[in-house]
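Single-structure report; data block below.
Just so you know, these numbers come straight off a predicted model, no measurement behind them.
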There are 2 protein chains.
Amino acid sequence: MDEVFKALADGSRRSLLDRLHARNGQTLNELCEGLAMTRQAVTKHLVILEEANLVTTIRHGREKLHYLNPVPIHQIGERWIKKFERGKLAALSELKRQLEKRDE
Amino acid sequence: MDEVFKALADGSRRSLLDRLHARNGQTLNELCEGLAMTRQAVTKHLVILEEANLVTTIRHGREKLHYLNPVPIHQIGERWIKKFERGKLAALSELKRQLEKRDE
DNA sequence: ACAATATGCAACTAAATGGTTGCATGTCAA
DNA sequence: TTGACATGCAACCATTTAGTTGCATATTGT
């Protein structure tokens, strides 16, 4: 889970995920198009995404196809964000209460 | 949004959020208890959480009370994770299909 | 008033991060 | 078979990050 959060912390990596979400199964070179970064920089980002299991790759001849794996993102939602949803209203009203009695 | 992702990337910061989720409105010293970190390190983490608007503080005399703000977490779920939920099954079946025809 | 308590600020350090360049390897197509 | 194309590997660099130590300031209880 920590690897996933770390992988998602970088904007370039999130936009790579966006690109794969828009069109799945792209090659490295396709993913590089229009980016202000060298191919090697993109490679490094993709390795980090792979290690976090957010991207899966398949070699096809000399090409490497990249596929989005949405499962870890889903798990962040289920296992982490949902925890904070419970008690969200309670936290907010407590926060409001404390802010209001600030001037006591 | 980027600040929130960055803030959540660190395990120590996520566990500070956990602590506030367990008990809201703790002082700096309370949040330091039992952690393998100096108070100053915790302060820095809390500053980052505040800048990401994940934590709000209220001074109360010489104490500083920390309150969890669950809104940015909720927004990550709504604005970001949900985007990848749509098309999740499509992505997974495409991924499976590609993995299976690997040996062509 | 003053000692204890709670937090703030600044300088410094080590390691991680995001990026680069240069070269190597593997695959395809004419 | 050979040149072009797609990707891989390694060394290097600058900046950011996570942490430390030391000292300063502000508040409170006796």
Within the sub-3.5 Å range, which N or O atoms of nucleotides 26-30 of chain D have a protein N or O partner, and how far apart are they?
unit_1: D:dT27; atom_1: O2; unit_2: B:Arg62; atom_2: NH1; d: 3.1

Report the distance from atom CD of B:Gln40 to atom C1' of D:dT25, rounded to the nearest whole Å. 14 Å
Rounded to whole Å, how long is the line connecting atom NZ of B:Lys64 with atom C1' of D:dT25? 14 Å
B:Arg14: which residues meet the salt bridge (Lys or Arg N to Asp or Glu O under 4.0 Å) condition with it, sequence neighbours left out? A:Asp2
How would you list, by chain and number, every residue that makes a salt bridge (Lys or Arg N to Asp or Glu O under 4.0 Å) with A:Asp18, sequence neighbours excluded? B:Lys83
5'-most to 3'-most nt of DNA chain C touching chain B (<4.0 Å, heavy-atom partner on protein side) reads C:dA4 to C:dA11
So how far off straight is the helix from C:dA1-D:dT30 to C:dA30-D:dT1, going by the axes through five pairs at either end, to 10°? 20°
Tell me the ring pair (Phe, Tyr, Trp, His ring centres under 6.0 Å) pairs involving residues 10-33 of chain B, sequence neighbours left out? A:Phe84-B:His21
Please name the pair of heavy atoms, one in [X] and one in [Y], separated by the smallest distance, quoted to 0.1 Å.
X: A:Leu35; Y: A:Leu31; result: CD1-O, 3.3 Å
X: A:Tyr67; Y: A:Asn24; result: CA-OD1, 3.2 Å
X: A:Val42; Y: A:Leu28; result: CG1-CD1, 4.0 Å
X: B:Cys32; Y: B:Arg39; result: SG-CA, 3.7 Å

Does B:Asn53 use its side chain to pair, donor to acceptor, with the backbone of B:Pro72 at less than 3.5 Å? no
Contacts satisfying salt bridge (Lys or Arg N to Asp or Glu O under 4.0 Å) that involve residues 47-58 of chain B (not counting sequence neighbours) are B:Glu50-B:Lys64
Verify the contact: side-chain N or O of A:Thr27 to OP1 or OP2 of D:dA6, cut-off strictly under 4.0 Å; return yes or no. no
Phosphate contact (D:dC5 OP1 or OP2) by A:Asn29 side-chain N/O below 4.0 Å: no
[X]: what forms a side-chain contact (heavy atoms from CB on, under 4.5 Å) with it, not counting sequence neighbours?
X: B:Glu30; result: B:Arg23, B:Gln26, B:Thr27, B:Glu33
X: A:Arg62; result: none
X: B:Thr38; result: B:Gln40, B:Ala41
X: B:Arg13; result: B:Ala7, B:Asp10, B:His45, B:Ile48, B:Leu49

Mind listing the N/O atom pairs, protein and nucleotides 16-18 of chain D, below 3.5 Å?
unit_1: D:dA18; atom_1: OP1; unit_2: B:Asp10; atom_2: OD1; d: 3.3
unit_1: D:dA18; atom_1: OP1; unit_2: B:Arg13; atom_2: NH2; d: 3.3
unit_1: D:dA18; atom_1: OP2; unit_2: B:Arg13; atom_2: NH1; d: 3.2

